[in-house]
Amino acid sequence: MEQLQALQPTQYVPSTAPVPEGPIVVERGSSAQVFAPKLNRGAADVVRFLLEQGEMVTATMSLADEQMELFAMEVGAELILVDPGQQEETELQALFDDSDDADESLQATRPPIVTIMGHVDHGKTTLLDKIRTANVVAGEAGGITQHIGAYQVEKNGKLITFIDTPGHAAFSKMRARGAGVTDIVVLVVAADDGVMPQTVEAISHARAADVPIVVAINKIDKENADVQRTLSAVAEQELIPEAWGGDTIVVEMSAQQGIGIDELLEQLLVVAEVEELTANPSGRAKGFVLEARLDVGRGPVATVLVDKGTLKVGDPMVAGAAWGRVRAILNDRGEQVKEAGPSSPVQVLGLSAVPQAGDEFRIAPDDRTARTVADSRAQRQRLLAQRGDARTQAGVKLEDIFTQIQAGETATLNVLIKADVHGSLEAVTESLRKLERDDVKAAFVHRGVGSITENDITLAAATNATIIGFNVRPDRKVREAAEAEHVEIRTYEVIYKLIEDIEKAMKGLLAPEFEEVVTGEAEVRELFRAPKVGAVAGCFVRSGVVSRGSKVRFLRDGVIIWKGAINTLRRFKDDVKEVREGFECGISLTDFQDLKQGDIIETYDLREIERE
Ligand code: GDP
């Protein structure tokens with residue numbers, strides 16, 4: 001309404017300044033405030049014009065393509081609309097300038113990257129585990145691979161890389177982010193169950209990605225296995241087995257009994273050969289992030305898959321909005337290696353922040369470039385996030401529902417429900433439905449049995465939903481993802497508590513939220529070891545007060561790399577309760593030992609946020 005008042009005829013003087021000549025590049029989804037100045041106009045000009053066309057917009061709302069085009073036409077400007085960040089990203093990419101990379105004729109065969117897909121319970125995980133334990137790369141002591149998101153096995157002297165997350169959710173999530181990290185899909189179909197809905201889905205995903213499919217008919221050891229019937233069902237999906245004159249490779253196997261695994265691996269090598277998978281192993285590395293998380297003690301840890309080039313320790317890496325000098329490279333057996341070539345899955349330590357699965361990583365010519373690219377992406381992500389908020393999706397979160405009800409608008413509460421069993425899922429759904437009123441509706445974005453997963457977080461973030469967990473709890477990784485995506489998770493064990501909360505939310509009486517208030521800040525100046533306590537950081541308190549027992553965050557280059565509590569706090573040889581600004585002190589932390597000079601130790605309190 002403010003904008004409308006500002007536009008009373010008496011105050012409004014339309015701008016008549018000449019528009020810039022030539023095409024004007026504007027990002028899709030810009031607001032009038034951003035868009036108008038590019039055409040030498042004010043936001044009010046745009047708002048006013050669109051109002052005359054019968055379209056109500058405010059200065060900060062993002063505009064539709066047609067609205068911008070209409071206005072451009074009106075003022076006689078030539079418009080080029082680009083996707084957010086497109087222009088900038090191209091400029092950023094140019095900074096990597098890998099034209100000096102070794103010439104492209106240096107192509108070498110690389111291992112195929114395989115993803116296992118299929119219906120639930122058809123044996124994907126069993127197969128992945130069997131391959132992992134039966135065929136680890138020879139000559140390694142211990143030899144057991146770690147779950148880092150992918151692993152490599154050796155067959156006939158050749159390597160095969162397996163993506164360690166079965167199912168197509170991860171596959172399409174990566175693909176949605178532009179990361180084509182699969183060369184071959186193994187479609188597992190249980191011979192006692194046949195082609196099921198997720199089998200068909202998996203086929204669609206593989207086809208959409210134009211990736212060859214090898215069919216593994218699993219569980220042939222089972223009494224009720226019917227291989228022929230399963231084969232016909234597979235053939236109906238236009239995957240005609242070679243034995244029937246088609247070109248689909250089919251392997252009959254039992255993952256559990258270890259039957260047919262060797263043949264499967266051999267067939268994968270055949271497909272790899274036909275596909276002529278090559279990459280240039282020289283030059284700076286490039287690839288994708290498969291998984292990433294914050295590790296207590298090691299900071300951000302990213303599992304990456306090298307696409308081309310060779311990744312080396314010390315390389316300045318950029319992954320999405322994170323950057324850092326590669327401090328260590330670990331292979332899938334947890335061993336430190338100096339470098340990693342094409343198709344190798346490795347964990348990388350040393351990034352400043354946690355990148356997202358599917359982010360591309362590149363090696364920059366130098367640290368400065370790496371930092372510039374990462375910083376500018378981070379800034380853009382923040383901008384886009386803000387704009388996303390301004391655009392407000394159809395649904396609202398629990399915490400905001402009262403505001404909307406008060407504003408006299410119909411509020412739709414988007415919820416994603418996860419429950420321990422079917423019965424409770426139904427019960428929760430039913431009670432939420434009963435709470436619906438004329439002005440408050442519930443929309444179920446997704447309902448499922450099982451724990452809260454990162455996929456749920458992604459979905460909730462995309463739909464602005466609140467996650468309700470009934471008798472299920474998110475694990476650390478999921479909680480971190482939720483925090484990063486600003487998704488609210490509420491968990492309950494009794495239905496009436498849940499109902500009570502929702503009723504309270506509708507009345508604006510939701511349980512208090514807490515915010516973190518920074519109470520002190522100390523800079524690490526030097527490090528020494530003390531008997532019993534381990535690493536002690538000689539610190540200088542830059543501001544506030546640092547107290548023993550406070551909760552602390554540990555920041556390096558502005559990124560939180562650890563959270564915990566202060567263990568001991570000393571001035572000279574004495575234990576003290578607190579140290580104030582301007583003084584030096586010795587701090588040891590509960591379990592994080594990897595301190596560095598220049599790190600910041602921030603102490604904070606939790607304070608209740610007053611609700612209006
Ligand atoms: P996923 O959901 O596709 O990952 O399936 P799982 O690997 O978890 O397997 C589901 C169930 O089928 C488990 O109980 C496995 O032990 C069982 N299973 C997997 N492969 C075989 C097999 O070849 N034969 C038999 N009899 N059972 C199998």
With a 4.5 Å limit on heavy-atom distance, are the side chains of [X] and [Y] in contact?
X      : Y      : result
Leu498 : Val428 : yes
Ile467 : Ile452 : yes
Arg293 : Arg298 : yes
Leu63  : Phe71  : no
Leu416 : Ile468 : no
Val211 : Asp183 : no
Val541 : Glu521 : no
Asp501 : Arg490 : yes

By salt bridge (Lys or Arg N to Asp or Glu O under 4.0 Å), which residues pair with Lys551, not counting sequence neighbours?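 For Lys551, no residue satisfies salt bridge (Lys or Arg N to Asp or Glu O under 4.0 Å) once neighbours in sequence are set aside.
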About how many Å separate [atom2] of [Y] and [atom1] of [X], when rounded to the nearest 0.5 Å?
X      : Y      : atom1 : atom2 : result
Gln356 : Glu454 : CD    : CD    : 10.5 Å
Asp315 : Asp366 : CG    : CG    : 12.0 Å
Lys477 : Ile457 : NZ    : CD1   : 12.0 Å
Thr369 : Arg362 : OG1   : CZ    : 12.0 Å
Leu305 : Ile113 : CG    : CD1   : 4.0 Å
Gln198 : Ile203 : CD    : CD1   : 12.0 Å

Test of ring centre spacing under 6.0 Å for Tyr492 and Phe470: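 No: the rings miss the under 6.0 Å criterion.
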Closest contact, heavy atoms only, [X] versus [Y]:
X      : Y      : answer
Ala374 : Trp323 : CB-CB, 3.6 Å
Pro355 : Ala292 : O-CB, 3.4 Å
Gly287 : Asp307 : CA-CB, 3.6 Å
Pro300 : Leu351 : CG-O, 3.3 Å
Gly149 : Leu290 : O-CD1, 3.8 Å
Ala370 : Val318 : CA-CG2, 3.4 Å

Run the numbers on Glu602 and Val552 for side-chain contact (heavy atoms from CB on, under 4.5 Å), then give the verdict. CA-CA 5 Å; Glu602 204 174 72; Val552 292; over 6 Å; no
Begin from the C-alpha positions of Arg48 and Glu52 and carry the test salt bridge (charged side-chain N to carboxylate O under 4.0 Å, His left out) through to its verdict. CA-CA 6 Å; Arg48 170 87 178 193; Glu52 279 165 6; 3.6 Å; yes
Take Lys497 and Glu500, measure what salt bridge (charged side-chain N to carboxylate O under 4.0 Å, His left out) needs, and give me the verdict at the end. CA-CA 5 Å; Lys497 272 301 286 173; Glu500 209 175 82; 3.7 Å; yes
Any donor-acceptor pair under 3.5 Å from [X] side chain to [Y] backbone:
X      : Y      : value
Asp599 : Val524 : no
Arg542 : Ala522 : no
Gln67  : Ala64  : yes
Asp456 : Thr453 : yes
Thr603 : Gly520 : yes

Going through the checks in order, is the side-chain contact (heavy atoms from CB on, under 4.5 Å) test met by Phe49 and Val75? CA-CA 10 Å; Phe49 169 77; Val75 297; over 6 Å; no
Can you confirm whether more than 12 heavy atoms, excluding those of Arg327, are under 6.0 Å from its CZ atom?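 For Arg327, atom CZ is crowded (more than 12 foreign heavy atoms under 6.0 Å).
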Begin with the C-alpha distance, continue with both residues' side-chain angles, and end with the deciding distance and a verdict on side-chain contact (heavy atoms from CB on, under 4.5 Å) for Val19 and Arg41. CA-CA 8 Å; Val19 295; Arg41 290 291 179 277; 4.2 Å; yes
Could you check Ser543 against Glu581 for side-chain contact (heavy atoms from CB on, under 4.5 Å), going step by step and ending with a plain yes or no? CA-CA 5 Å; Ser543 64; Glu581 183 176 331; 4.2 Å; yes
